[in-house]
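In this text the structure is predicted, and so the values were computed from the model without any measurement. Numbered from 1 within each chain, the chains take letters A, B, ... in sequence-line order.
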Protein chains: 2
Amino acid sequence: MSRAKTTQTPPPRATIRDVASAAKTGKTSVSRYLNGEQHLLSDALKERIERAIALLDYQPSQMARSLKSGQTRLIGLIIADITNPYSVEVMRGVEAACRQQGLTLLVCNTNNELNQEKHYLQLLSSYRVDGIVINAVGMREDAISALQQSPVPMVLIDRKVNNFSCDVIGLNNVDATRTVTQHLLQQGFEAILFLSEPMTINTRLVRLHTFLQEMQHQPHKFAAQGEVELSDSQGLETLLRDFADRYADKRRAVISVNGALTLVIARAMRRIGMVWGKDIGLLGFDDLEWAELAGVGITTLKQPTYDMGYAALEQLVTRIQGSNEPIQEHAFPGELIVRGSTTLA
Amino acid sequence: MSRAKTTQTPPPRATIRDVASAAKTGKTSVSRYLNGEQHLLSDALKERIERAIALLDYQPSQMARSLKSGQTRLIGLIIADITNPYSVEVMRGVEAACRQQGLTLLVCNTNNELNQEKHYLQLLSSYRVDGIVINAVGMREDAISALQQSPVPMVLIDRKVNNFSCDVIGLNNVDATRTVTQHLLQQGFEAILFLSEPMTINTRLVRLHTFLQEMQHQPHKFAAQGEVELSDSQGLETLLRDFADRYADKRRAVISVNGALTLVIARAMRRIGMVWGKDIGLLGFDDLEWAELAGVGITTLKQPTYDMGYAALEQLVTRIQGSNEPIQEHAFPGELIVRGSTTLA
DNA sequence: CTGTTAGCGCCTTCAC
DNA sequence: GTGAAGGCGCTAACAG
């Protein structure tokens with residue numbers, strides 16, 4: 001019966017005190033040993049401590065350390081949609097930078113839900129993370145109240161939040177949208193439909209406005225716009241058909257505001273037998289790993305997502321270290337990758 | 001100058017003591033208030049505490065709590081390759097389950113590097129996570145030594161590790177591989193090439209062995225196998241060409257051992273002008289969001305990844321709660337999704 | 001019903 | 001060189 005008990009209760013983790021007594025010394029010396037102040041210890045003592053640590057498989061508790069020091073060396077990353085390859089690349093960048101700085105990443109996925117975002121913000125705060133990188137759900141004020149209070153340094157990725165002043169890392173949306181629009185015009189497209197998910201996000205608005213602005217200068221060209229939920233495939237098909245009908249005699253193209261939408265648009269086109277690169281042009285923000293495999297290929301505007309994540313963390317670290325420089329907005333350039341979908345035969 | 005100082009030193013977070021004194025009471029009452037023992041407090045006191053908390057924007061420190069209780073309510077998830085959509089879905093499942101259980105997820109990406117894995121294992125342990133879900137890098141013994149020691153409950157996802165007894169959640173690889181092989185045979189394919197990344201992972205081995213075994217029973221059919229690194233596009237092209245040449249007069253098909261490889265194979269086929277669904281059959285483990293868009297579509301064996309992640313966490317929780325039941329190996333069924341690539345015209 | 005007290009594991013003066 | 005003592009923020013006896 002004592003056996004059962006032994007199995008059930010795992011041996012409690014060794015503490016610094018255990019190590020100390022095993023090494024026949026005090027906690028202080030062990031602590032010193034751990035914190036690189038080894039030059040203060042006699043070789044004999046070092047020896048003993050080393051052995052005791054190995055013997056007990058001792059690992060200092062970060063919890064206790066953090067409690068004492070007030071620094072957790074934990075970074076929170078809040079991502080709106082981890083399903084999105086864009087987010088995954090950002091995450092990889094942030095993570096790489098964290099590793100390089102000896103920080104640990106706490107990743108949270110809000111699934112594009114505002115209350116999840118609030119929940120995680122509070123959670124991270126209660127764990128006393130040293131800083132937060134956040135890809136916000138929206139730009140409305142809901143989340144801000146919670147944000148603005150917090151004394152935790154933050155950096156926004158991609159999406160700005162109204163009335164909330166904070167460093168932002170993102171794409172140079174204006175330049176990128178101009179590039180994209182000009183490319184389509186140069187390829188001879190005459191009617192362009194800008195498709196977007198709901199305009200609840202700053203980035204989407206900027207892209208749309210820039211697009212419309214670019215098109216204004218064009219005398220005999222036509223700009224159209226549509227808004228769809230990712231799940232509304234019916235609505236999307238209708239939108240596409242209407243566009244094709246209205247500009248039946250023009251060379252037509254569609255711009256997709258982001259990668260997730262591009263996938264949905266491509267599927268819809270498939271279903272209604274509209275072939276990109278032949279019946280219609282297609283261009284999407286965000287590069288896609290399968291872009292070259294889909295029919296004749298899909299032209300994309302690639303963002304340096306990994307670098308953006310990396311840069312976001314670096315910026316965050318300067319804030320953590322107490323930097324008081326004015327708010328930064330770092331805009332990265334995009335890269336147009338031309339494929340078959342925008343080079344009509 | 002006092003202004004500068006104020007800006008630089010953010011107001012220290014309120015502690016339970018601050019709340020207590022603001023509410024003119026002791027820490028205990030505040031603690032009780034926080035821990036749902038409100039029925040023990042007088043309405044007047046509750047009132048005051050509530051106000052004090054709101055006023056100071058007080059949030060209890062999880063660090064201190066964990067230190068006291070010995071439980072962090074933190075779960076570690078170690079993922080071999082976060083780039084892989086498979087992993088992302090697993091993560092989403094684990095995360096959903098965590099949320100449902102009031103646990104917080106610490107996600108680590110090992111990038112398929114063994115030393116990263118070891119590093120993170122130790123890190124999670126030093127943060128005293130309550131449990132770990134791990135998608136191991138390999139099945140060699142290197143990492144195990146570190147693993148086996150640990151008193152932290154663990155659950156493996158997808159990949160088993162030799163000599164390490166631990167619950168495992170994964171696909172029913174035998175059944176799935178049979179399904180896949182039989183499907184190709186029924187479609188009239190006569191020569192089948194099984195392509196895999198290096199055989200460093202248990203799952204891949206099982207799939208290969210099952211495939212070979214299934215093919216043994218087939219009199220006039222031919223089984224071939226190849227091993228490639230994802231980055232070795234040259235080698236892959238050669239492999240595909242050789243296969244096509246050797247079985248020039250047979251109906252040929254390729255099985256890809258996982259989603260990442262399927263992408264690479266599809267690209268290689270594109271480059272050498274080999275058209276799936278026409279020149280050759282193609283079938284891959286793991287469903288891909290773009291599978292229907294690539295040419296005539298690619299047949300896949302879909303895994304219930306989200307559910308697997310969810311189940312993994314649930315299993316982990318039973319262990320955390322002290323369950324001593326024998327090691328479980330939960331194998332989920334796969335689902336064959338037939339598309340154009342395996343229905344030769 | 002409420003407050004006082006003693007640690008959780010660690011680091012850090014401060015003495016020896 | 002080394003160790004003892006106090007406290008980080010919190011919870012849980014144990015008194016009142």
- Task: Five pairs at each end of the helix from C/dC1-D/dG16 to C/dC16-D/dG1: take the axis at both ends and give me the angle between them to 10°.
- Result: 50°
- To the nearest angstrom, the NZ-P distance between B/K27 and D/dA13 comes to 16 Å
- Item | Gap between atom CG of A/L123 and atom CZ of B/R73 - 0.5 Å precision | 11.0 Å
- Message: Just the rounded figure in Å: distance from C1' of C/dC10 to CE of A/M63.
- Response: 13 Å
- Task: Could you tell me the separation between the OG1 atom of A/T318 and the CG atom of A/D167, rounded to the nearest 0.5 Å?
- Result: 6.5 Å
- Message: By the 4.0 Å heavy-atom rule, please label A/Y58 as base, sugar-phosphate, or nothing.
- Response: sugar-phosphate
- Query: Would you say a side-chain N or O of B/T25 is under 4.0 Å from OP1 or OP2 of C/dG3?
  - Reply: yes
- Looking at A/S29, does any N or O in its side chain come under 4.0 Å of the phosphate oxygens OP1/OP2 on D/dG3? yes
- Item | Pair A/E50 + A/K46: basic N to acidic O under 4.0 Å | no
- Item | Distance in angstrom units between B/L41 CG and C/dG3 C1', rounded | 12 Å
- Can you tell me if the side-chain N/O atoms of A/R65 get under 4.0 Å from OP1 or OP2 in C/dC11? yes
- Task: Starting from C1' on D/dT2, measure out to CG on A/N35 and report it in whole angstrom.
- Result: 16 Å
- Distance (rounded to the nearest 0.5 Å) between A/C98 SG and A/E314 CD: 10.5 Å
- Distance in angstrom units between A/I49 CD1 and C/dC10 P, rounded: 13 Å
- Euclidean distance, A/M91 CE relative to A/T305 OG1, rounded to 0.5 Å: 13.5 Å
- Hey, does the side-chain of B/K68 have a donor or acceptor N/O within less than 3.5 Å of a partner on the base of C/dG7? yes
- Do NZ/NE/NH1/NH2 and the carboxylate oxygens of B/E95 and B/R92 come within less than 4.0 Å? no
Dump the pairs, protein N or O against N or O of nucleotides 13-16 of chain C, anything under 3.5 Å, distances to one decimal.
none

- How many angstroms lie between atom OH of A/Y127 and atom CD of B/Q59, to the nearest 0.5 angstrom? 12.5 Å
- Task: Please figure out whether A/A14 or B/D43 has its closest DNA chain C nucleotide nearer the 5' end.
- Result: B/D43
- Message: Quick check on C/dC8: is either OP1 or OP2 less than 4.0 Å from any side-chain nitrogen or oxygen of A/R17?
- Response: yes
- Exceeds 12 heavy-atom contacts within 6.0 angstrom, atom NZ of B/K160: no
- Mind calculating the distance between CZ (A/R48) and P (D/dG1) to the nearest angstrom? 15 Å
- Item | Between C1' of D/dG3 and NZ of A/K24, the distance in whole Å | 16 Å
- Message: For a quick test of reading the model: is some side-chain N or O of A/T15 closer than 4.0 Å to OP1 or OP2 of C/dG9?
- Response: no
- Item | Point-to-point distance, once rounded to the nearest 0.5 Å, from NE2 of A/H119 to CD1 of A/I78 | 10.0 Å
- Task: Specify the residue among A/G26 and B/L34 whose closest nucleotide of DNA chain D lies further upstream toward the 5′ end.
- Result: A/G26
- Item | Residue A/A64, side-chain atoms from C-beta onward, closest of D/dC10, C/dG9, C/dC11 | C/dG9
- Query: Which part of the nucleic acid, if any, lies within reach of B/S66 when heavy atoms closer than 4.0 Å are counted: base, sugar-phosphate only, or nothing?
  - Reply: nothing
- Message: Using the side-chain contact (heavy atoms from CB on, under 4.5 Å) definition, which of the options B/V94, B/I169, B/V168 pairs with B/V155?
- Response: B/I169
- Whole Å only: how far is the CZ atom of B/R73 from the P atom of D/dC10? 18 Å
